[in-house]
Amino acid sequence: MKSLSLEMLRLTSDEVLERSQMKTIMGATDCSHTTTCGNGTQTSGSGPCPNANDASLECSGNGGAISCVATGCS
């Protein structure tokens with residue numbers, strides 16, 4: 001299996017979730033999330049962090065999604 005670098009994927013390190021962040025959003029229930037957009041605005045929703053496409057929709061016109069933090073997830 002070939003390794004891919006962030007540079008090859010044209011991603012910056014802040015566009016990729018860390019392993020610890022993935023753990024908080026995978027299979028989580030009864031929680032909420034806050035998505036931070038590229039221009040600094042934040043959107044909130046119920047449930048775990050959305051997938052990358054939905055996060056981009058949440059930040060549409062606001063510089064794209066940069067990060068998502070879920071709280072209260074079990």
Side-chain angles (χ1 to χ4, degrees):
M1 187 166 152
K2 185 177 180 179
S3 295
L4 295 175
S5 69
L6 295 179
E7 185 177 316
M8 289 172 61
L9 296 173
R10 297 180 197 237
L11 296 172
T12 61
S13 59
D14 60 7
E15 293 176 311
V16 178
L17 293 177
E18 294 177 2
R19 190 176 300 268
S20 62
Q21 294 172 306
M22 288 294 290
K23 184 177 178 182
T24 63
I25 65 170
M26 298 301 292
T29 59
D30 194 28
C31 57
S32 61
H33 68 272
T34 302
T35 303
T36 303
C37 305
N39 68 355
T41 62
Q42 293 185 329
T43 64
S44 297
S46 60
C49 287
N51 64 39
N53 289 335
D54 291 340
S56 293
L57 289 174
E58 283 190 19
C59 289
S60 180
N62 291 317
I66 288 182
S67 66
C68 184
V69 177
T71 53
C73 296
S74 56

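- Residues that satisfy the side-chain hydrogen bond (donor to acceptor under 3.5 Å, both in side chains) test with Ser60, not counting sequence neighbours, are absent from this structure.
- Among residues two or more places apart in sequence or in another chain, the side chain to side chain contact (heavy atoms under 4.5 Å, CB included) test is passed with Asn53 by Asn51.
- The two residues Ala65 and Ser56 make their nearest non-hydrogen contact at CB-N, 4.2 Å.
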All N/O donor-acceptor pairs, side-chain side in residues 39-49, below 3.5 Å, sequence neighbours left out:
{"from": "Asn39", "atom 1": "OD1", "to": "Thr41", "atom 2": "N", "distance (Å)": "3.1"}
{"from": "Asn39", "atom 1": "OD1", "to": "Thr41", "atom 2": "OG1", "distance (Å)": "3.0"}
{"from": "Asn39", "atom 1": "ND2", "to": "Asn62", "atom 2": "OD1", "distance (Å)": "3.3"}
{"from": "Gln42", "atom 1": "NE2", "to": "Thr36", "atom 2": "OG1", "distance (Å)": "3.2"}
{"from": "Thr43", "atom 1": "OG1", "to": "Glu58", "atom 2": "OE1", "distance (Å)": "2.7"}

